[in-house]
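Below is one structure, written out as structure tokens; the observations come after it.
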Amino acid sequence: MYDTLRQHYRDQFQGEPDLCVRAPGRINLIGEHTDYNEGFVLPAAIDKSVYFAVGARTDTRCHFFALDLGAHFSADLQALQRSDTHPWANYLMGVLQQLQETYPETAAQMQGINLVFAADLPSGAGLSSSAAIENGVGFAVNELFGLGLSRMQLLQISRQAENRFVGMNCGIMDMFVSMMGQENQFLKIDCRDLSFEYIPFEAPDMRLVLCDTTVKHALVDSEYNTRRAECEEGVDLLRAFDPTIRHLREVSLSLLELHRADLRPVVYRRCLYVIEEIARVEAACQALQNQDFAELGRLMYATHAGLSGLYEVSCPELDFLVAFARERAGVLGARMMGGGFGGCTLNLLYAADVEGFILQAKIAFQARFGKDMPCYVVRPGSGVAMSDE
Ligand code: GLA
């Protein structure tokens with residue numbers, strides 16, 4: 001991949017790149033829609049990434065080339081503006097802009113850049129290619145101009161870029177794990193204080209398989225924001241009974257049940273899901289530590305039931321695939337993953353059953369929805385890194 005990128009860099013910019021960087025996508029084992037409720041999540045970076053070749057310029061121009069799209073974009077570092085025609089460029093510009101806004105003195109060392117990027121991580125599949133692009137460019141310019149920012153600072157810049165420049169009000173999970181991931185480890189993140197702990201995935205005979213519905217709901221961003229608002233509505237009401245409550249993280253199941261009648265039914269359902277899901281993350285960490293994959297799988301199915309029935313962010317394709325997985329021998333758990341309304345299911349199964357499962361799932365999906373379904377076997381991999389090639 002890096003050889004191809006370097007070649008295209010030379011063709012585009014008549015010189016050698018100063019550095020190459022890899023930024024991975026992510027899966028999330030459990031803990032969905034809990035990050036913005038300040039709960040726990042349990043994601044991992046994966047062995048599929050976005051790759052960059054980057055060089056410093058002596059002026060303030062920024063030239064980007066998206067190899068997979070064959071698309072160019074240019075802007076001036078001092079006048080970065082959101083683009084409607086090149087949405088992918090917003091992830092790059094957002095980071096450069098937020099670096100300058102958050103760290104004006106440090107960022108004064110920045111110059112323009114030439115950048116080529118390409119991915120073996122599918123985009124639009126709910127695997128956080130946007131967080132990977134943000135983390136990759138932040139990491140690259142931090143190295144290139146010696147900004148001296150930590151990984152923690154860089155991932156927060158990525159999140160600001162997404163929230164303030166791109167305009168997607170996401171939580172911190174995606175950029176966090178893409179930056180901090182490690183080989184064969186899940187990352188338990190406490191989204192309240194951003195402390196984290198690695199939980200090993202020691203399971204040579206187990207595999208993680210993604211089934212990509214290739215569905216992307218047009219309303220996904222607005223539905224996401226509606227869910228956030230419903231959670232906040234619940235918190236605001238429950239705070240009347242306990243003033244220490246700031247987020248659903250602080251709400252117990254018993255308090256919620258006590259005040260069920262005070263909440264709109266839809267708000268009650270959203271809160272119930274989130275409170276149960278936060279507890280499931282703790283249970284899943286325990287199961288992983290005990291190597292109890294049957295229990296882990298059971299928790300994944302329970303998460304899917306909650307996301308589908310209570311949080312209402314599933315879709316027929318995702319429900320179909322989870323129901324299909326349930327009937328298959330060798331599959332221990334399955335659930336929809338990420339924000340919802342499309343994207344992938346995550347399946348936990350025995351290595352010996354992977355081939356048969358993928359084959360049968362593709363046939364069933366084709367028969368039901370009339371289209372091909374890409375599948376990926378993934379494993380927890382390391383976070384953003386300089387190329388060692
Ligand atoms: C998207 C967001 C994350 C998280 C998930 C749901 O991936 O980017 O911050 O909220 O949805 O768990």
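Just the heavy atoms: all of them, side chains too, but no hydrogens, waters or symmetry mates, feed the values below. In listed order, ligands and their atoms are each counted from 1.
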Please evaluate residues Tyr91 and Phe117 with respect to the criterion ring-ring contact (aromatic ring centres under 6.0 Å, His included), reporting the C-alpha separation (whole Å), side-chain torsions for both, the decisive distance (0.1 Å), and the verdict. CA-CA 12 Å; Tyr91 302 115; Phe117 74 102; 9.5 Å; no
Applying side-chain hydrogen bond (donor to acceptor under 3.5 Å, both in side chains), can you list everything that pairs with Gln160, at least two apart in sequence or on another chain? Gln98, Thr102
Under a 3.5 Å threshold, yes or no: a donor from one side chain and an acceptor from the other, between Glu277 and Thr303? yes
Determine, for [X] against [Y], whether the closest basic-nitrogen to carboxylate-oxygen distance falls under 4.0 angstrom.
X: Glu38; Y: Arg246; result: no
X: Arg269; Y: Glu230; result: no
X: Glu282; Y: Lys188; result: yes

Output, or 'none' if empty, a list of ligand 1-protein atom pairs in which both atoms are N or O and the distance is under 3.5 Å, rounded to 0.1 Å.
| residue | atom | partner | partner atom | Å |
| --- | --- | --- | --- | --- |
| ligand 1 | 7 (O) | Arg26 | NH2 | 3.1 |
| ligand 1 | 7 (O) | Asp174 | OD2 | 3.2 |
| ligand 1 | 8 (O) | Asp174 | OD2 | 2.6 |
| ligand 1 | 9 (O) | Asp35 | OD2 | 2.6 |
| ligand 1 | 9 (O) | Gly171 | N | 2.9 |
| ligand 1 | 9 (O) | Tyr224 | OH | 3.4 |
| ligand 1 | 10 (O) | Asp35 | OD1 | 2.8 |
| ligand 1 | 10 (O) | Asp35 | OD2 | 3.4 |
| ligand 1 | 10 (O) | Tyr224 | OH | 2.5 |
| ligand 1 | 11 (O) | Gly339 | N | 3.4 |
| ligand 1 | 12 (O) | Glu32 | OE2 | 2.6 |
| ligand 1 | 12 (O) | His33 | N | 2.6 |

